[in-house]
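Keep in mind that this is a model prediction, so the values were computed, not measured.
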Amino acid sequence: MSDVGEALARVHRGEWARVVATLARRIGDLDVAEEMTAEAFAAAVERWSADGVPPNPGAWLTTTAYRRAVDRIRRESRREDKHREAMMLADVPEPLGVIDDDRLRLIFTCCHPALAMEARVALTLRLVGGLTVPEIARAYLVQEAAMSRRITRAKTKIKAAGIPYRVPSREDLPARVTGVLAVLYLIFNEGYLASDPGGKEAVRADLTAEAIRLTRLVRTLLPDDHEAAGLLALMLLTEARRPARVSATGELVVLAEQDRSAWDRELIAEGHALVRACIAAGRPPGRYQILAAINAVHTDARDTRDTDWAQVAALYDHLVRVDPSPIVRLNRAVAVAELDGPQVALAEVDGLPLEGYHAYHATRAELLRRMGRGGEARAAYDRAIELAGNSAETAYLKRRRDQLGGR
């Protein structure tokens, strides 16, 4: 790839959402904002190849996209009044105390309750997370054309319903934040173990960093929302382990095998402090707070043998009461295996309706392996490999399977 091509790829990752969000605020039309941002990137391919990459690529793209948007709106006379109104609104200051961040405004727009949850996730991943339509489609196991239609319908509904491009009033925030946190967590997860069947990137640090940055903003906006604090703690404690997550050969390194000296101790300390603050508040914890507490136990152990599995299992028992999903029960079984043995854990796992989930088969494979049932373990590894969508994880599963030999 040429230097300009590399610069464009890097800038697309870092600036796409910022440019779209800035245009959406200024012109009041999300669809036009995305289209003109795409045109600006297309123009950059030609101009930067001839003139070189500008000192401030983001500013160049924003200016180019905005000028094209204004030209387009002026050509469409029916939008002239809308254009003038948008320009006036762009200069109206936000009320004191509301965070002025265009991407946060964009998140609340994308996560409006008038949209179905699947549409909120897809739209936010596209416009805020910067994923392409094919990447989102792979992540959610749907056809690209279907995902494209889903995103288009969501933008159309925003326009037709007059959904405002703003951070909601403080009175409306608590009811809106649950959906926002869910989307931010999904963005973080996509970055932490990316969907890359083409063998591109196992981890996308840009997405995890953006999810953390935006979650910090949400927490600042809602300082008394302990689920926002819990989600931030969960992200930090998970992100702290990222340096040890993938080996030099591109293979996933599971928690028990990670070099814990490579973990980011500053992130761990911040995450632990948030967990302690949530506990000190004395309120019934939600899903993210419990998940953060589980991760706090794991990151508190200097060696995997020091892990307090009884506490982990107890926290999962609490989580099952809050979120009795099959995936939570699957994760709980890992702790049960450490306390009561793989036979007990397998009995719980085998009843879960997760046949299409790769981690279900990977967990079964490990339990069967520990029980000496090599043939069944190999079959479970094969199914997990077939379903896995990440190259690093696939490499790990293949190694584990091949270690079984002919057993």
- salt bridge (Lys or Arg N to Asp or Glu O under 4.0 Å) between R216 and E270: does it pass, once the steps are laid out? CA-CA 12 Å; R216 287 188 189 279; E270 184 181 359; 2.6 Å; yes

Do [X] side-chain atoms and [Y] backbone N/O form a donor-acceptor pair below 3.5 Å?
X    : Y    : result
S247 : E251 : yes
R369 : R400 : yes
Q258 : R245 : no

- Message: Do W16 and V128 make a side-chain contact, defined as non-hydrogen atoms from C-beta onward lying under 4.5 Å apart?
- Response: no

- Task: Indicate yes or no: at least one non-hydrogen side-chain atom of T304 is less than 4.5 angstrom from one of R260.
- Result: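 T304 reaches R260 side chain to side chain.
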
- Query: So which pairs with a foot in residues 273-299 pass ring-ring contact (aromatic ring centres under 6.0 Å, His included), sequence neighbours left out?
  - Reply: Y185-Y288, H298-W309

- Message: Restricting to side-chain contact (heavy atoms from CB on, under 4.5 Å), what partner residues turn up for D31, sequence neighbours left out?
- Response: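 In terms of side-chain contact (heavy atoms from CB on, under 4.5 Å), with neighbours along the sequence ignored, D31 is linked to D29, E35, K155, K159.
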
- Item | Residue from R305, R332, R370 passing salt bridge (charged side-chain N to carboxylate O under 4.0 Å, His left out) with E338 |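 Passing option: R370.
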
- Query: Rounded to the nearest 0.5 Å, what separation is found between the CZ atom of R150 and the CD atom of E118?
  - Reply: 4.0 Å

- L125 CG to L207 CG distance, which is reported to the nearest 0.5 Å: 8.0 Å

- Message: Assess the residue pair R105 and D102 against the criterion (salt bridge (Lys or Arg N to Asp or Glu O under 4.0 Å)); give the C-alpha distance rounded to whole Å, side-chain angles, the decisive distance to 0.1 Å, and a yes or no.
- Response: CA-CA 5 Å; R105 300 169 192 260; D102 283 339; 3.5 Å; yes

- Any chance CZ of R67 has more than 12 other-residue heavy atoms, nucleotides or ligands included, within less than 6.0 Å?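 No, because the 6.0 Å sphere around CZ of R67 holds 12 heavy atoms or fewer from other groups.
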
- Query: Who are the side-chain hydrogen bond (donor to acceptor under 3.5 Å, both in side chains) partners of H272, not counting sequence neighbours?
  - Reply: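 Partners of H272 by the side-chain hydrogen bond (donor to acceptor under 3.5 Å, both in side chains) criterion, ordered by chain and then number, come out as T299.
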
